[in-house]
Amino acid sequence: MTAMVKAEGVHKSYGAAHILKGIDLEVAPGEVFCLIGPSGSGKSTFLRCINHLEKINAGRLHVDGELVGYRQKGDKLYELKDSEVALQRRDIGMVFQRFNLFPHMTAVENVMEAPVQVKGESKSSARERALKLLDRVGLGDKAGNFPSQLSGGQQQRVAIARALAMEPKLMLFDEPTSALDPELVGDVLDVMRDLAQTGMTMVVVTHEMGFAREVGDSLVFMDGGVVVESGHPREVLGNPQHERTRSFLSKVL
């Protein structure tokens, strides 16, 4: 079975700052893969490399068997054109910390936008599907609301519906609850739980250890740009093997 995400020796630097120092990992299709670690450990950077929002400096990243951002000829890599990268991105949904909704569009218009503009779907078909997706994330009654009329948790759920509208094979979540008030976190995690139950492959950068333990299939603890420890979430969280993991978990659990 082809891995949905395969990273081999992935390095990323910004000038002299070496952020990712040789990341090797695999995410199986249908898996919920959680990344945890302190701020600055490289988790979000790695997530952004998966859909080529950040270009890697060395190594290889594959999504569903396809090299991300590059084409290989012999042993040389050639960078893909922006239009080719955009085609790859269509299959990868991403939900950010900040919701990045279009403020001048209603919830349903935000969800419709990409299928109409990127896939050329008709407005009526995109609208019908957008309404179903808003229903699915518990916001069927908010379709006509603008982002400013929605709570942070509701905006984040619209953002999830918007990512799902492109029918991705992979969903990336970059700390999707960290900007929310504590009482709004549960609604967003419920939507992610439902999504996991449908078999969606998800890579989740999170501080929600309860979610990782309950929903995650695999968990990686990153620090200083390397994978320190990985395994089943319950094992890593319940019985960490590395001192660095123990020290981090003692502060967050």
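Bear in mind that the values here come from a model prediction, so they are computed numbers and not experimental data. We count residues from 1, following the sequence as given.
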Which distance, rounded to the nearest 0.5 Å, do you find between the [atom1] of [X] and the [atom2] of [Y]?
X      : Y      : atom1 : atom2 : value
Ser247 : His242 : OG    : NE2   : 13.5 Å
Lys43  : Ile36  : NZ    : CD1   : 9.0 Å
Asn51  : Leu170 : CG    : CG    : 8.5 Å
Arg162 : Leu101 : CZ    : CG    : 5.0 Å
Leu189 : Leu184 : CG    : CG    : 11.0 Å
Lys119 : Arg90  : NZ    : CZ    : 6.0 Å

Original post:
Taking it one step at a time, do His104 and Phe146 satisfy ring-ring contact (aromatic ring centres under 6.0 Å, His included)?
Top reply: CA-CA 7 Å; His104 61 290; Phe146 288 93; 8.7 Å; no
Hey, does [Y] have a side-chain heavy atom less than 4.5 Å from the side chain of [X]?
X      : Y      : answer
Leu67  : Arg60  : yes
Phe102 : Glu109 : no
Ile92  : Pro168 : no
Arg127 : Val108 : yes
Val63  : Gln88  : no
Arg89  : His52  : yes
Arg213 : Leu219 : no
Ile160 : Arg136 : no

Subject >> Candidate pair Val158 and Asn145, rule side-chain contact (heavy atoms from CB on, under 4.5 Å), full reasoning >> reply: CA-CA 11 Å; Val158 173; Asn145 288 39; over 6 Å; no
With hydrophobic residues grouped by side-chain heavy-atom distances under 4.5 Å, do [X] and [Y] end up in a single group?
X      : Y      : result
Leu61  : Val27  : yes
Val137 : Phe211 : yes
Phe33  : Met192 : no
Leu150 : Leu131 : yes
Phe248 : Leu35  : no

[X] side chain vs [Y] backbone, donor-acceptor pair below 3.5 Å:
X      : Y      : answer
Gln72  : Tyr70  : no
Thr201 : Gly30  : yes
Gln156 : Phe99  : no
His18  : Leu20  : yes
Glu31  : Ala28  : yes
Glu113 : Asn110 : no
Asn57  : Ser13  : yes

Salt-bridged, [X] to [Y], with N to O below 4.0 Å?
X      : Y      : result
Glu79  : Lys55  : yes
Arg193 : Glu214 : yes
Arg244 : Glu229 : no

Taking everything shown except [X] itself, do over 12 heavy atoms lie less than 6.0 Å from its [atom1]?
X      : atom1 : answer
Arg129 : CZ    : yes
Glu128 : CD    : no
Arg246 : CZ    : yes
Lys123 : NZ    : no

Least distance between heavy atoms, [X] atom then [Y] atom:
X      : Y      : result
Pro233 : Ala212 : CB-O, 3.2 Å
Glu208 : Thr177 : OE2-OG1, 3.3 Å
Gly93  : Ala163 : CA-CB, 4.1 Å
Ser44  : Val205 : OG-CG1, 4.2 Å
Gly59  : Leu77  : O-CD1, 4.4 Å
Val215 : Ala196 : CG1-CB, 3.6 Å

**OP:** Applying side-chain contact (heavy atoms from CB on, under 4.5 Å), run through Tyr78 and Lys76 and close with a yes or a no.
**Re:** CA-CA 7 Å; Tyr78 298 90; Lys76 277 212 158 133; 3.6 Å; yes
**OP:** Among Asp194, Asp187, Asp190, find the one that has a salt bridge (charged side-chain N to carboxylate O under 4.0 Å, His left out) with Arg157.
**Re:**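 That would be Asp187.
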Original post:
What's the verdict on side-chain contact (heavy atoms from CB on, under 4.5 Å) for Leu25 and Lys6, showing C-alpha distance, side-chain angles and the deciding distance?
Top reply: CA-CA 6 Å; Leu25 54 80; Lys6 185 173 188 179; over 6 Å; no
Original post:
Is Lys12 positioned over the aromatic face of Tyr14, cation under 6.0 angstrom from the ring centre and no more than 45 degrees off axis?
Top reply: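 Yes, Lys12 sits over the ring of Tyr14.
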**OP:** Start with the C-alpha gap between Glu175 and His207, add the side-chain angles, then the distance that decides, and say whether side-chain hydrogen bond (donor to acceptor under 3.5 Å, both in side chains) holds.
**Re:** CA-CA 7 Å; Glu175 299 189 19; His207 293 298; 3.3 Å; yes
Original post:
Per the side chain to side chain contact (heavy atoms under 4.5 Å, CB included) rule, which among Val191, Leu133, Val95 passes with Leu164?
Top reply: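 It is Leu133; the other options fail the test.
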Original post:
Does the pair Ser41 and Asp223 meet the rule for a side-chain hydrogen bond (donor to acceptor under 3.5 Å, both in side chains), with working shown?
Top reply: CA-CA 4 Å; Ser41 58; Asp223 189 29; 5.5 Å; no
Subject >> side-chain contact (heavy atoms from CB on, under 4.5 Å) assessment of Asp174 paired with Met94 >> reply: CA-CA 8 Å; Asp174 188 7; Met94 185 151 186; 4.3 Å; yes
**OP:** Begin with the C-alpha distance, continue with both residues' side-chain angles, and end with the deciding distance and a verdict on side-chain hydrogen bond (donor to acceptor under 3.5 Å, both in side chains) for Gln97 and Ser178.
**Re:** CA-CA 6 Å; Gln97 264 176 318; Ser178 65; 2.9 Å; yes
